[in-house]
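Okay, so here's the structure we're looking at.
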Amino acid sequence: MPALGALPFLKPAQLRPPRSPPGGQRRHTLPASEFRCLGPGDAASVFEIEREAFISVSGDCPLHLDEIRHFLNLCPELSLGWFEEGRLVAFIIGSLWDQERLSQAALTLHKPQGSAVHIHVLAVHRTVRQQGKGSILMWRYLQHLRCLPCARRALLMCQPFLVPFYQKCGFQALGPCQVTVGDLAFVEMQHAVRGHAFMRRNSGC
């Protein structure tokens with residue numbers, strides 16, 4: 001349950017070799033901003049952000065640390081992290097699902113033959129919230145999914161107060177979700193993912 005016309009991929013500008021500082025010594029610096037899929041080694045940083053974001057709101061986390069490691073081992077390509085100067089500041093974790101709608105089993109399972117990407121969680125570090133990073137990361141994630149042959153649509157469940165945020169990201173409400181967590185009820189939302197063959201021809205995938 002996340003905390004919070006398709007545009008083509010923008011091809012990166014041609015890279016130029018960095019200029020060496022005076023004296024000929026090269027400085028090793030981290031990229032100012034980087035998007036990449038996550039791996040098991042990122043699990044602790046993911047959980048730290050998720051725990052802070054969710055515990056105060058709902059009293060629990062969508063994914064516990066062992067579940068984060070589980071999904072990042074099984075399907076790292078369905079995750080995306082935003083790093084600034086090497087530090088994780090926002091992330092999304094997903095897995096594949098093979099049914100029309102989400103069920104309780106979707107919270108813990110990855111169905112490799114599925115064509116729906118279940119977005120388990122989107123969270124942003126507290127120090128960079130209210131800067132639009134959640135919507136930017138979701139846009140980047142949806143573009144990423146359009147290059148994956150398996151992805152046909154994205155599904156998520158969220159609390160009612162988050163529905164407007166996801167509608168602005170292009171999701172449509174499907175109605176009440178049959179999944180419940182304690183006393184919390186959720187709305188299920190969907191976003192279509194265009195055919196991967198078209199996107200490969202038009203975006204360099």
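Here the CD atom belonging to Gln99 is positioned 13.5 Å from the NE2 atom belonging to His118, to the nearest 0.5 angstrom. Here the CD atom belonging to Gln159 is positioned 12.0 Å from the SG atom belonging to Cys177, to the nearest 0.5 angstrom. Between the CD1 atom of Ile119 and the OH atom of Tyr141 there is a distance of 5.5 Å, given to the nearest 0.5 Å. From Phe165, atom CZ reaches atom OG of Ser135 across 5.5 Å, with rounding to the nearest 0.5 Å. Summarising the geometry, atom OG1 belonging to Thr180 is positioned 8.0 Å from atom CZ belonging to Phe186; distances are rounded to the nearest 0.5 Å. Atom CZ of Phe83 is separated from atom CG of Asp42 by 4.5 Å, given to the nearest 0.5 angstrom.
Proximity of Arg101 to Gln190: side-chain heavy atoms (C-beta onward) are nowhere separated by under 4.5 Å. The shortest side-chain heavy-atom distance between Val46 and Ile93 falls under the 4.5 Å cut-off. Counting only heavy atoms from C-beta outward, the side chains of Leu38 and Ile68 never approach each other to under 4.5 Å.
Here the closest non-hydrogen pair linking Gly39 and Leu72 is O-CD1, 3.3 Å. For the residue pair Glu67 and Pro62, the shortest heavy atom distance occurs at OE1-O, 4.0 Å. Contact between Glu77 and His144 at its shortest, heavy atoms only, is O-NE2, 2.6 Å. Heavy atoms only, all atoms of each residue included: Leu156 and Leu102 are closest at C-CD1, 4.1 Å. Looking at every heavy atom in both residues, Met138 comes nearest to Ile92 through CA-CD1, 4.0 Å.
Under a hydrophobic clustering in which Ile, Leu, Val, Met, Phe, Trp and Tyr are joined whenever their side-chain heavy atoms come within less than 4.5 Å, directly or via other members, Leu184 and Met157 fall into the same cluster.
By the 6.0 Å contact criterion, CG on Asp66 is enclosed, its count of non-hydrogen atoms from other residues, nucleotides or ligands being greater than 12. The environment of CD in Gln178 is crowded: more than 12 heavy-atom neighbours from other residues, nucleotides or ligands sit within 6.0 Å.
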Check your understanding: Is there a side-chain contact (heavy atoms from CB on, under 4.5 Å) between Ser79 and Phe91 once you walk through the steps?
Key -> CA-CA 7 Å; Ser79 67; Phe91 69 88; over 6 Å; no

Review point. Cys150 and Leu96: side-chain contact (heavy atoms from CB on, under 4.5 Å), yes or no, with the steps?
Key: CA-CA 8 Å; Cys150 57; Leu96 286 177; 4.1 Å; yes

Practice item. Show the numbers, then the answer: is there a side-chain contact (heavy atoms from CB on, under 4.5 Å) between Gln104 and Val179? Key: CA-CA 5 Å; Gln104 208 76 26; Val179 180; 3.7 Å; yes

Check your understanding: Can you check side-chain contact (heavy atoms from CB on, under 4.5 Å) on Leu78 and Leu145, steps first, answer last?
Key -> CA-CA 8 Å; Leu78 298 176; Leu145 293 185; 4.1 Å; yes

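Partner of Ser95 under the side-chain hydrogen bond (donor to acceptor under 3.5 Å, both in side chains) criterion, out of His120, His70, Lys111: His120 alone.
Every residue meeting the side-chain contact (heavy atoms from CB on, under 4.5 Å) condition with Ala105, not counting sequence neighbours, appears here in chain and number order: Trp97, Ser103, Leu109. With sequence neighbours excluded, the residues satisfying ring pair (Phe, Tyr, Trp, His ring centres under 6.0 Å) with His191 are Phe171.
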Could you pull out every donor-acceptor pair under 3.5 Å between side chains of residues 121-130 and any protein atom, sequence neighbours left out?
{"unit_1": "His125", "atom_1": "ND1", "unit_2": "Thr127", "atom_2": "N", "d": "3.1"}
{"unit_1": "His125", "atom_1": "ND1", "unit_2": "Thr127", "atom_2": "OG1", "d": "2.9"}
{"unit_1": "Arg129", "atom_1": "NE", "unit_2": "Val124", "atom_2": "O", "d": "2.8"}
{"unit_1": "Arg129", "atom_1": "NH1", "unit_2": "Glu52", "atom_2": "OE1", "d": "3.3"}
{"unit_1": "Arg129", "atom_1": "NH2", "unit_2": "Glu52", "atom_2": "OE1", "d": "2.4"}
{"unit_1": "Arg129", "atom_1": "NH2", "unit_2": "Val124", "atom_2": "O", "d": "3.1"}

